[in-house]
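Take a look at the structure set out below.
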2 protein chains.
Amino acid sequence: MQELAAVGYGRLSIEAVARRAGVSKTAVYRRWRSKLELVLEIVSAAAGQRFPLPDTGDLRGDLEMLFLIMTRALGHPLAAQIIPDLLAEAARNPQIAQTLQGALRSNQRDIGGQLIGRAIARGELGPDTDVDVAVDLIVGPLYWRLAVARAPLAVEDLPRLAAAVAAALEVACLPSVPDEPDVRLSGVVPMADSGGS
Amino acid sequence: MQELAAVGYGRLSIEAVARRAGVSKTAVYRRWRSKLELVLEIVSAAAGQRFPLPDTGDLRGDLEMLFLIMTRALGHPLAAQIIPDLLAEAARNPQIAQTLQGALRSNQRDIGGQLIGRAIARGELGPDTDVDVAVDLIVGPLYWRLAVARAPLAVEDLPRLAAAVAAALEVACLPSVPDEPDVRLSGVVPMADSGGS
DNA sequence: CAGCGACGGTACGGTTGCGTCCCGACGTGT
DNA sequence: ACACGTCGGGACGCAACCGTACCGTCGCTG
C-alpha cells in the first residue's frame, strides 16, 4: 500500500513492490498473478470492513458521527492518496471499478441507507428520500474537502457541517421545487421570495 | 488529452502521445521538454479559462446556473477522466498541484466568492460566511456525483440540488451551532426565513 | 542557384519492468 | 543418510520507453 500511495496505480510495478517488501519478484508472483490481482486483494481487505454506525438519536448527531469517522479515515495519508487514485483508475479499469463498487460504495450506500432510514423513521426526513442524492449531499462535501482540496478540517467544524448537510437533506427530500420557471437565462428576476414551500 | 484520459498521467508516455498525434517524438520534444511540461500546458490552457457567472437574482438561481455549467463541464468524458486523475496525481507532484491550484481551484474560489458575495449582499447569507466551507458544500456533492460515483444526473434534478445546497449554505453561515441540547432542526422544516440576521 | 537555418524523422544506447527458468536452502519422511 | 517437495532468489530474454545524435527536406534569402 505504501508503494501504491507513493507512485499510484499507473506506475505501480511488481518489482518496486518486491523491492520495498524486501523479497524477490518470484515471491510476489507466487501469490498474485498480476498487479491487478494484488491491488484488488489489498483494496478488498482494507476497504471491505463493514462497521455499524451508532445511533445517536437524531440526524445531525448521526451525520456528525459519520463525519468524524470519515475524517479519521481520509485523514490517513495512505488512504487520502490511494482512494482518489483508485477512483480515477476505476474509470479505466472495470475490474477495479467493480471491486471498489463492492467495497467502498456499497458500504457507503449501506451506511447512508441506515442513516437516512433512521431519519425517515424519526420523521426528520420525508419518506421518499432519494438515497443516491442523499449520499451525494452527505459524502460529497467532506470528500471534496479532505481528498480533493486536501485542506485540513478541524473537528470543531464538524457540527456546523453536519447541521448544514442536515438542512440540505431536509430540503432535498421535499417532494418538488415548484417555482423557478425557465427564466434563469434571462437575467434579473424580481426575486419574489427565496422559500416558497 | 485523449491519450492522457486513456492511460492516465502515470502511464502517459511521450512516445504514445507522438504516435497518437501522428508525429515523431522529436517533434514533441522540440515543444515540451518533459511530459510534465506538456501536461501542465494543456491543463492550463483547458482549465484556465475564466468565465463570469451570470447573476440570476437569487442564490438558488445562481447555484442552479453554476451546477448547469459544472454538469456540462464534467459531462465531457475527457474532463471526467482527466480531472480526477490529475487531482490524484497532484498529491504526489507539487508542480501539478500548483498548476491545478492556479487553474481550477482559484477559479472555483473566485466563482464561489462571487456567488457568495452576491448572496451576502442580498441578505440571503450571513456576512461572515466561510468561503472555504461554502465551496465545499457547493462543489462537493456535484463533483462526487459526476466525477467519483460517475452516476448520471438529469438536468431536472438540478433545481432540487440547488435548493438543498442553498439550505445548507444558509445553515452553515449561522454564527454558531449550539449542539446537543436543542432539537430545533429535528422536526421543523426551516423554510421560513431566507436571511440569517 | 547556392547557402542557411528551422523542422521533422529514424536510429541508437540506456534504463526499467515484465514474466519465466533454474538453482540452492530448508524441512520432512523413509 | 538420502530422496522429495516447497519456497525464495538471481538471472535471463523480451518489450516499452526515454532522451539524444544524426540526417534529409523544405523554404527563404542573397
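Order of the sequence lines sets the chain letters (A, B, ...), proteins ahead of strands, with each chain counted from 1.
Between Asp58(B) and Arg122(B), no side-chain nitrogen of the basic residue sits less than 4.0 Å from a carboxylate oxygen of the acidic one, so the salt-bridge criterion is not met.
In this structure, Tyr143(A) and Trp144(B) have perpendicular ring planes: the angle between them is above 60°, well past the 30° mark.
Contact annotation: side chain of Thr26(A) to base of dG9(D), donor-acceptor pair present below 3.5 Å.
Atom CD1 in Ile14(B) sits roughly 15 Å away from atom P in dG8(C) (whole-Å rounding). The separation between Glu3(A) atom CD and dT16(C) atom P is 14 Å, rounded to whole Å. Rounded to whole Å, atom P of dG19(D) lies 11 Å from atom CG of Leu36(B). Across the protein-nucleic acid pair, Glu15(A) atom CD and dC18(C) atom C1' stand 7 Å apart, rounded to whole Å. A straight line from CZ of Arg19(B) to C1' of dG8(C) spans 18 Å, rounded to a whole angstrom. Between Lys25(B) atom NZ and dG8(C) atom P the separation is 16 Å, expressed in whole Å.
Comparing dG8(D), dC18(D), dT20(C) against the side chain of Ser24(A) picks out dG8(D) as the nearest.
Contacts of Arg33(A) with the nucleic acid, taken as non-hydrogen atoms under 4.0 Å apart, are absent. Arg31(A) comes within 4.0 angstrom of the backbone, heavy atoms only, and of no base.
In this structure the side chain of Leu100(B) reaches within 4.5 angstrom of the side chain of Val43(B), judged on heavy atoms.
Under a 3.5 Å cut-off, the side chain of Lys35(A) and the backbone N or O of Tyr9(A) do form a donor-acceptor pair.
Contact annotation: Arg11(B) side-chain N/O to dA16(D) OP1/OP2 distance is not under 4.0 Å.
Projected onto DNA chain C by closest heavy-atom contact, Arg30(A) and Arg30(B) fall at different nucleotides, the more 5' of which corresponds to Arg30(B).
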